[in-house]
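Computed from a prediction, not measured in an experiment: that's the story for all the values here.
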Amino acid sequence: PFKGVERGPYPAEQMAYSISQLGHRKCVLESDNEPAMVALRRNAVKVLREKYGVDTIVPEDSLTDASPSNGVAEAAIGELGGQVRTLNDHLEHHYGITLPTNHAVFPWLIAHAAALLTRFQIGVDGKTAYSRLKGKAFRRELVPFGECVHFVPVVTRNVRLNKLAAKWKDAIFLGVKESSGEYFVG
């Protein structure tokens, strides 16, 4: 894990993708004045304009030492952190190992934790964020993060399989793709 954009475009691209999924052509991006967050916001704005065609993006800085004014964001960060810790604890208990925070599974775990909150956490209006955005409840079946699963790989036309080869493969469940609902396995 790392902060900001110094080690690659992924954080800004993921932030821009998530914002684009909301379907708005105009948005306000507020962040604190921490250099890593300002750089992330700047790069996300660029991706939103170039890749997703968002017309109007207003970057705003939050007030210095304005943690109380960021209450909703701070609460969401706390909830996500709790969900990440819960999923990590489940993995450690299930497999009897302690994962270092730089393990390759952590980006998947964090994304899945956020997706679980989006799909299942009920807001004050009685709806989930997913149902507010899509107009319907999330109805796909899920297995626990990190669970061993069997899957049938997608076969392209150019690939010929041996007729005696197994069609099913073993993998680990890593989450659900936001845009299509497909399962991620690895």
Side-chain angles (χ1 to χ4, degrees), residues 1-2 5 7-25 27 40 43-54 76 79-81 83-122 127-186:
F2 59 92
V5 295
R7 296 209 338 226
Y10 179 78
E13 289 175 358
Q14 185 60 41
M15 180 177 169
Y17 171 76
S18 296
I19 292 169
S20 76
Q21 292 298 293
L22 298 173
H24 299 294
R25 307 288 299 161
C27 67
L40 174 61
N43 289 9
V45 165
K46 182 178 178 186
V47 174
L48 280 166
R49 287 188 174 130
E50 293 174 0
K51 189 172 182 179
Y52 298 107
V54 176
E79 290 165 0
L80 179 59
Q83 189 70 27
V84 167
R85 286 188 296 276
T86 300
L87 291 175
N88 185 46
D89 184 61
H90 169 75
L91 280 180
E92 290 181 355
H93 177 76
H94 188 72
Y95 290 107
I97 58 170
T98 299
L99 295 171
T101 56
N102 63 351
H103 191 279
V105 79
F106 265 92
W108 294 100
L109 186 143
I110 293 166
H112 187 63
L116 288 175
L117 292 174
T118 299
R119 291 181 176 110
F120 299 111
Q121 186 178 45
I122 298 173
K127 297 180 179 181
T128 65
Y130 181 93
S131 65
R132 273 185 236 111
L133 178 63
K134 305 273 189 175
K136 60 184 178 181
F138 180 79
R139 300 237 187 264
R140 300 282 320 259
E141 289 189 36
L142 295 178
V143 296
F145 182 84
E147 190 73 21
C148 293
V149 295
H150 297 296
F151 76 103
V152 178
V154 176
V155 179
T156 62
R157 290 182 189 183
N158 301 343
V159 176
R160 290 188 174 246
L161 294 179
N162 178 333
K163 291 191 181 206
L164 294 177
K167 291 184 179 181
W168 290 83
K169 304 281 184 187
D170 294 326
I172 303 291
F173 177 75
L174 297 171
V176 179
K177 186 174 182 179
E178 290 294 325
S179 59
S180 66
E182 296 169 284
Y183 296 121
F184 285 122
V185 297

Minimal non-hydrogen separation, Ala12 against Ala44, with atom names: CB-N, 3.7 Å

Nearest atoms (heavy-atom pairs only) where Ala113 meets Val84: CB-CG2, 3.7 Å

Heavy-atom closest pair, residues Leu91 and Gly146: CD2-CA, 3.7 Å

Side-chain touch Tyr17/Val47, heavy atoms, less than 4.5 angstrom: no

Heavy-atom neighbours of His150 NE2 exceed 12 at 6.0 Å: no

Residue pairs involving residues 132-142 (criterion side chain to side chain donor-acceptor pair (under 3.5 Å); sequence neighbours excluded): Asp125-Arg132, Arg140-Tyr183

Under the ring pair (Phe, Tyr, Trp, His ring centres under 6.0 Å) test, residues paired with Phe138 that sit two or more places apart: Phe120, Tyr130

Separation of Leu40 CG from Met15 CE (nearest 0.5 Å): 5.0 Å

Nearest non-hydrogen partners of Pro100 and Phe106, listed with the distance: O-CE1, 3.2 Å

Considering all heavy atoms, the nearest Lys167-Pro153 contact: O-CD, 3.2 Å

CD1-CD distance between Ile97 and Glu92, expressed to the nearest 0.5 angstrom: 7.5 Å

Distance in Å, Leu109 CG paired with Arg85 CZ, rounded so as to fall on 0.5 Å steps: 12.0 Å

Ring-ring centroid check His112 Phe173, cutoff 6.0 Å: yes

Any Leu87 side-chain heavy atom under 4.5 Å of Leu116 side chain: yes

Polar side-chain atom of Tyr52 near backbone of Ile19 as donor-acceptor pair, under 3.5 Å: no

Sequence-distant partners of Glu178, salt bridge (charged side-chain N to carboxylate O under 4.0 Å, His left out), two or more places apart: Arg119

Sole candidate of Leu174, Ile172, Val185, Asp170 that passes side-chain contact (heavy atoms from CB on, under 4.5 Å) when paired with Val149: Val185

Interatomic spacing from CD in Glu13 to NZ in Lys51 - rounded to 0.5 Å: 5.5 Å

Least distance between heavy atoms, Val54 atom then Cys27 atom: CG1-SG, 4.5 Å

